[in-house]
Amino acid sequence: MHVNVKRLQTVNNKVKEIIDKKQLKTVPQIIAVSKTFQLSQIIPLLDSGHLHFGENKVQEALTKWNDLKEKNNKIKLHMIGKLQTNKVKKAIGLFDFIHSVDSTKLAETLKKNEIELNKRLSYFIQINIGKENQKSGILPEDAKAFSKHCLETVGLNVIGLMVIPPNDDKTSDYFKEVSNLNSDLGFKELSMGMSSDYLEASKYSSTFLRIGSAILGERI
Ligand SMILES: *Cc1c(COP(=O)(O)O)cnc(C)c1O
């Protein structure tokens with residue numbers, strides 16, 4: 001068995017263990033984050049039946065995934081990186097989920113291109129939970145108005161919040177806060193947790209874990 005498939009199984013087992021132990025209702029979906037990795041590292045995961053993958057650059061994703069997705073329409077591709085409005089058309093054409101909605105302008109451009117291409121994607125609103133200058137995302141206090149705007153005025157199929165918490169020792173607090181905000185807003189899906197903190201995120205009812213290095217190995 002390919003090492004990546006083994007690592008995916010290990011991650012899966014650890015998540016299931018936490019879900020059982022805490023008697024949680026939802027088993028989160030694992031997104032294998034394949035950014036920077038070649039197809040030779042990705043194909044074994046696909047062959048093992050894994051279908052959810054994440055990329056953070058539109059052009060790289062197109063090069064790697066366009067043909068694969070045409071051959072297998074069950075593949076679900078997630079855009080997890082910052083999305084520039086000039087890349088939106090290509091992104092709408094390729095991806096199934098976009099996790100990084102972070103401005104009104106982006107939301108409107110997404111809708112315009114959905115209509116042009118007659119496609120409908122699922123979206124997450126990125127929350128800047130630590131209010132960090134260098135990070136994208138909507139501030140938690142603006143989340144309600146922004147999500148209402150995206151859903152009702154723009155008409156995007158927003159399914160939940162997404163977060164990349166600050167790199168400090170308060171990860172659980174951030175996860176708890178975003179999880180509460182997510183359910184206050186009535187969302188069913190929640191995108192949080194990476195290789196370093198996916199078990200913690202699972203405890204706070206994350207439904208999509210974005211896991212790169214723990215499955216595909218270190219990025220160089
Ligand atoms: C790269 C990336 C991940 C995966 O990171 P790992 O630490 O390798 O699991 C998750 N989310 C986002 C937004 C990323 O850019």
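Atoms within a ligand are numbered from 1 in the order they appear, just like the ligands themselves.
Checked by atom type, the side-chain pair Asn157/Ser122 shows a donor-acceptor distance below 3.5 Å. Tyr174 and Asp168 share a side-chain donor-acceptor pair at under 3.5 Å.
Looking at Glu189 and Gln29, their side chains never come closer than 4.5 Å, going by heavy atoms from C-beta outward. Residues Ile129 and Pro166 form a side-chain contact, since some pair of their non-hydrogen atoms from C-beta on lies under 4.5 Å apart.
At least one heavy atom of Arg219 sits closer than 4.0 Å to an atom of ligand 1.
Near Ser213, meaning under 4.0 Å from any of its heavy atoms, are these atoms of ligand 1: 6 (P), 7 (O), 8 (O), 9 (O). In the vicinity of Met194, heavy-atom distances shorter than 4.0 Å reach the ligand 1 atoms 3 (C), 5 (O), 7 (O), 9 (O), 10 (C), 11 (N). In the vicinity of Ile164, heavy-atom distances shorter than 4.0 Å reach the ligand 1 atoms 13 (C). Taking every heavy atom of Ile80 and a limit of under 4.0 angstrom, the matching atoms of ligand 1 come to 2 (C), 11 (N), 12 (C), 13 (C), 14 (C), 15 (O).
Within the structure, no pair that satisfies the salt bridge (Lys or Arg N to Asp or Glu O under 4.0 Å) test touches residues 209-220, not counting sequence neighbours.
At a 4.0 Å heavy-atom cut-off, ligand 1 does not touch His99 at all.
Residue Ser196 has no N or O atom closer than 3.5 Å to an N or O atom of ligand 1.
Of all protein heavy atoms, the one lying nearest to atom 2 (C) of ligand 1 is Lys35 NZ, 2.6 Å. The single protein non-hydrogen atom nearest to atom 11 (N) of ligand 1 is Arg210 NE, 2.9 Å, given as residue, atom name and distance.
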